[in-house]
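These notes concern the structure reproduced below.
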Amino acid sequence: MKLLMIQLPTSQLGAKERVYPLGLSRLSSLVPADVDKQVLDMNLCDDPWDALNTTIRKHGADIIFLSFRNLDPLAGHHASYLSSLKTAALLCKQLVPEARLLVGGPAFSLLAKRLMEEVPELDFGLVGEGELVFPELLKHSIGPANIPSLLWRDGKCVRQNPPGPKITLDLIPEMDVEAFPPDAYTGNNSYVAAIGIEGKRGCDLWCGYCLYPKLGGACMRLRPVKNIVDEMEMLKTRFGIELFHFTDSVVNRPRDHFEELCKELINRKLNVGWTGFFRENDFTAENLTLARRAGLIAIYFSADALTDYGLNLLNKRMTEEDILRAARLTTDEGILTMCHFLVNLPDETDKTIARASTVLDRLLDIHDPSGNLGAVIFNTIRLYPDAPLTNRLIRNGELSADTDLLYPVYYNPQKYNHVLHNFEARCHSAGVFSRLLQDKNNKEPQQ
Ligand code: B12
């Protein structure tokens with residue numbers, strides 16, 4: 001049996017920030033030795049479409065797995081990567097019409113049924129993680145009705161099976177570093193750590209706009225700390241990887257698992273750097289210091305709202321004070337910090353905007369002396385189907401239930417759509433002035 005595993009192009013061609021295809025790499029290591037397997041990450045190719053064409057023609061295929069990670073770039077952009085999936089599916093069906101075409105990956109999982117309708121060449125789709133059902137998908141003929149989370153065609157209908165059990169994280173397969181060599185991904189990126197590392201899957205928070213619980217499950221499945229650090233050690237020793245991005249929804253939750261991880265990294269003297277997304281209210285001065293000693297090089301916060309009004313609306317289970325307290329902690333620790341906020345939320349008023357502005361000023365003031373604020377990133381909300389906030393907007397009549405959320409739709413009513421630019425400009429000036437001041441202080445001889 002011939003199997004092709006393809007990672008579809010994810011970001012704008014030319015963006016050059018490489019991200020290791022961790023999901024496909026794990027699945028690849030489950031392929032039995034008697035299967036004739038060929039893999040291709042189109043993101044590594046100068047001409048990805050020529051590469052796909054050549055790979056299919058040379059290798060042939062009975063089964064083709066497409067991994068679709070990103071549907072759109074977020075950040076207010078209206079571009080879509082839907083064409084990646086469509087063109088790849090068309091090309092596959094044209095070159096090997098008999099091959100079974102199956103798609104999975106985070107972007108597919110978010111809009112699975114809609115994508116099956118939009119791309120009729122796809123025979124099957126899988127929502128969520130692939131490991132437990134993977135052996136079923138490789139069989140010569142599959143009984144689609146029995147495979148959890150599978151989408152399949154029943155005449156003109158697309159059927160979606162209910163989800164099944166999830167893998168416990170001490171059992172996740174290793175990365176297939178032969179098929180997807182990690183060192184092919186390093187050395188290029190300016191912003192992003194190319195290699196992802198999994199500390200957990202799933203998320204037990206239900207933030208209003210977010211579908212992470214749908215992707216990985218609504219409770220956190222923790223990976224044994226030893227396994228995490230073993231994988232980091234293997235990647236460092238064999239491939240010289242010294243920088244990792246934790247793929248967890250939140251790295252520092254639950255606290256005891258996070259602290260255990262930091263201690264293990266310190267004890268093993270791995271001497272690697274790592275980063276990821278963190279929650280403000282789960283840091284303590286002690287565990288932040290511990291994390292820094294363990295290699296934490298930068299913190300990404302995504303408080304999402306600047307006011308108690310917004311935090312409440314987005315169900316963030318945090319307060320303005322938590323945000324400011326975390327800012328003080330990271331400033332005291334002098335650790336590079338990036339903050340993400342969503343602006344122009346539903347039912348904002350002049351008062352909530354003014355409050356957001358005050359909290360932003362406080363945040364900038366706190367960071368100013370140590371200059372550790374790398375960036376403040378403002379976005380509007382990308383509406384996903386069935387997210388709590390989307391449903392609320394539909395109920396309130398602010399969004400039509402027919403809106404096709406396959407294409408990027410942002411919540412950004414006109415009245416306050418200037419706020420994002422206003423806040424961005426303020427942070428930009430603060431950053432420039434702080435840098436100029438530091439440069440000046442560095443250049444001037446000490447009295
Ligand atoms: C970590 C992460 C990042 C990190 C990556 C760091 C790194 N080096 O890995 C950073 C912060 C850099 C990042 C950047 C971006 N990200 Co991101 N990211 C994630 C996150 C949280 C986890 C992804 C991950 O690695 N999971 C772990 C692996 C093991 O799981 P997996 O890939 O899902 O694979 C499993 C299954 O999907 C399935 N599977 C996968 N492929 C296939 C194929 C088949 C055939 C089958 C059957 C199954 C299958 O099986 C796998 C194993 O179980 C997801 C959200 C999420 N929870 O998934 C967003 C997510 C994927 N990112 C997203 C986006 C948009 C981006 C950016 C474009 C954002 C931006 N503007 O910069 C960039 C793109 C970067 C790039 N070049 O790809 C979106 C995609 C949805 C969309 N709207 O398009 C997501 C879903 C988040 C969101 N907001 O909704 N990201």
Side-chain angles (χ1 to χ4, degrees), residues 3-12 15-30 41 43 63-77 79-82 100-111 122 124-134 136-138 147 149-151 166-167 169 172-173 175 182 185-186 189 191-203 207 209-217 241 243-251 274-277 300 302 338 340 377 379 381-384 387 405-408:
L3 169 70
L4 274 184
M5 303 183 88
I6 313 287
Q7 185 73 30
L8 294 171
T10 50
S11 50
Q12 289 98 328
K16 296 282 181 224
E17 293 289 301
R18 292 179 175 175
V19 164
Y20 186 78
L22 190 56
L24 207 57
S25 174
R26 292 213 190 286
L27 297 182
S28 176
S29 76
L30 295 174
D41 182 349
N43 298 285
I63 304 183
I64 302 180
F65 281 177
L66 301 177
S67 185
F68 191 39
R69 184 190 192 282
N70 305 321
L71 178 60
D72 43 53
L74 304 178
H77 297 290
S80 169
Y81 310 135
L82 178 60
R100 182 195 303 159
L101 195 51
L102 200 139
V103 60
F108 176 76
S109 302
L110 290 176
L111 283 125
L122 299 170
F124 298 99
L126 187 84
V127 170
E129 64 190 22
E131 286 89 352
L132 288 184
V133 296
F134 193 72
E136 293 296 316
L137 303 176
L138 281 180
I147 302 179
S149 299
L150 191 75
L151 286 96
K166 300 211 177 319
I167 194 165
L169 283 211
I172 53 172
M175 297 155 63
Y185 291 80
T186 51
N189 292 6
Y191 302 106
V192 163
I195 306 297
I197 183 89
E198 286 183 278
K200 64 182 76 68
R201 286 188 187 172
C203 186
C207 303
Y209 55 88
C210 181
L211 291 180
Y212 280 18
K214 188 177 157 185
L215 288 172
I241 308 297
L243 184 61
F244 298 88
H245 182 107
F246 275 91
T247 60
D248 309 15
S249 52
V250 183
V251 183
W274 47 276
T275 176
F277 276 84
Y300 292 84
S302 193
M338 267 68 68
H340 291 74
I377 298 128
N379 287 309
I381 301 176
R382 199 283 190 211
L383 298 175
Y384 286 122
L405 299 175
L406 179 60
Y407 308 106

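Whatever order the structure lists ligands and atoms in, that order sets their numbers, starting from 1.
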For ligand 1, is there an N or O atom under 3.5 Å from any N or O atom of N70? yes
Any idea which of L74, I197, N189 brings a heavy atom closest to atom 89 (N) of ligand 1? L74
Heavy atoms only: which of P73, G128, G23, G104 is nearest to atom 38 (C) of ligand 1? G128
Contact between Y384 and ligand 1, counting heavy atoms under 4.0 Å? yes
If we count only N and O atoms by modelled type, under 3.5 Å, do the side chains of Y20 and S25 hold a donor and an acceptor together? yes
Below 3.5 Å, N or O to N or O, backbone or side chain included: is there any such pair between A75 and ligand 1? no
Out of G105, P21, G130, who gets a non-hydrogen atom closest to atom 39 (N) of ligand 1? G105
Under a 4.0 angstrom heavy-atom cut-off, which atoms of ligand 1 come close to L102? 45 (C), 47 (C)
Mind checking the CZ-CZ spacing from R100 to F124? Nearest 0.5 Å is all I need. 6.0 Å
Can R26 and E129 be counted as an ion pair, charged N to O under 4.0 angstrom? no
Do any nitrogen or oxygen atoms of E131 come within less than 3.5 Å of a nitrogen or oxygen of ligand 1? yes
May I ask you to check whether F68 has an N/O atom sitting below 3.5 Å from an N/O atom of ligand 1? no
Does an N or O anywhere in R26 fall below 3.5 Å from an N or O of ligand 1? no
Less than 3.5 Å between some nitrogen or oxygen of R69 and one of ligand 1, yes or no? yes
Let me see the working for K166 and E131 under salt bridge (Lys or Arg N to Asp or Glu O under 4.0 Å), right down to the final yes or no. CA-CA 9 Å; K166 300 211 177 319; E131 286 89 352; over 6 Å; no
With nothing but distance in play, are any N or O atoms of E129 less than 3.5 Å from an N or O of ligand 1? no
Can you find a pair of side-chain heavy atoms, one from V19 and one from E17, that are under 4.5 Å apart? no
For the residue pair L405 and Y384, what are the closest heavy atoms and their distance? CD1-C, 3.7 Å
On a heavy-atom basis, which atom in F65 and which in F134 lie closest, and how many Å separate them? CE1-CE1, 2.9 Å
